[in-house]
Amino acid sequence: MNISRHADATRFETHLCIEGKTIVLTVQDNGLGTAEVPASLLRRAHLLKAKIQLNTPADGGTCITLKLKVRRKLLNTPQKTTPHRNGTP
């Protein structure tokens, strides 16, 4: 996986939720951290017309959030979901 290969991470967490007409995906790891969003992710976000945000916490790791607006409200879906945790990437 790219997280373990490029960030030298041993753990990561993903969170996917729907907020009104926006799908929000967050991926956080305990790797080396980075100062900028990788170009490949920027290109994909641009193709989807999504917003992407990078946060590098002071204690290390990286948190990337992608927000994608949908054309209509997604029906019959929970507004918030429980994060998925995985011990190893």
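Only heavy atoms go into these numbers, but all of them, side chains included; no hydrogens, no water, no symmetry mates.
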Visitor: Could you tell me if the side chain of L25 sits less than 4.5 Å from the side chain of I23, heavy atoms only?
Guide: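 In short, these two side chains do not touch, never coming nearer than 4.5 Å.
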Visitor: Any chance you could measure E13, atom CD, to T26, atom OG1, to the nearest 0.5 Å?
Guide: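 Separation between the atoms: 9.0 Å.
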Visitor: Under 3.5 Å, sequence neighbours excluded: what are the donor-acceptor pairs made by side chains of residues 55-64?
Guide:
{"unit_1": "T56", "atom_1": "OG1", "unit_2": "T34", "atom_2": "O", "d": "2.7"}

Visitor: Quick one: pull up CG in L68 and NZ in K51 and give me the separation to the nearest 0.5 Å.
Guide: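 Going from CG on L68 over to NZ on K51, the span is 11.5 Å.
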Visitor: What distance do L47 atom CG and L42 atom CG have between them, rounded to the nearest 0.5 Å?
Guide: 11.0 Å
Visitor: Kindly give the heavy-atom pair with the smallest separation between V24 and K67, and that separation in Å.
Guide: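 Heavy atoms only, the tightest pair is CG2-CG, 4.1 Å.
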Visitor: If every non-hydrogen atom of A9 is compared with every non-hydrogen atom of D29, which pair is closest and at what distance?
Guide: CB-CB, 3.9 Å
Visitor: Kindly compute the distance separating OG1 (T65) from CD (Q28), expressed to the nearest 0.5 Å.
Guide: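 Reported to 0.5 Å precision, the distance equals 8.5 Å.
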Visitor: Out of curiosity, I52 CD1 to L66 CG, how far, rounded to the nearest 0.5 Å?
Guide: 5.5 Å
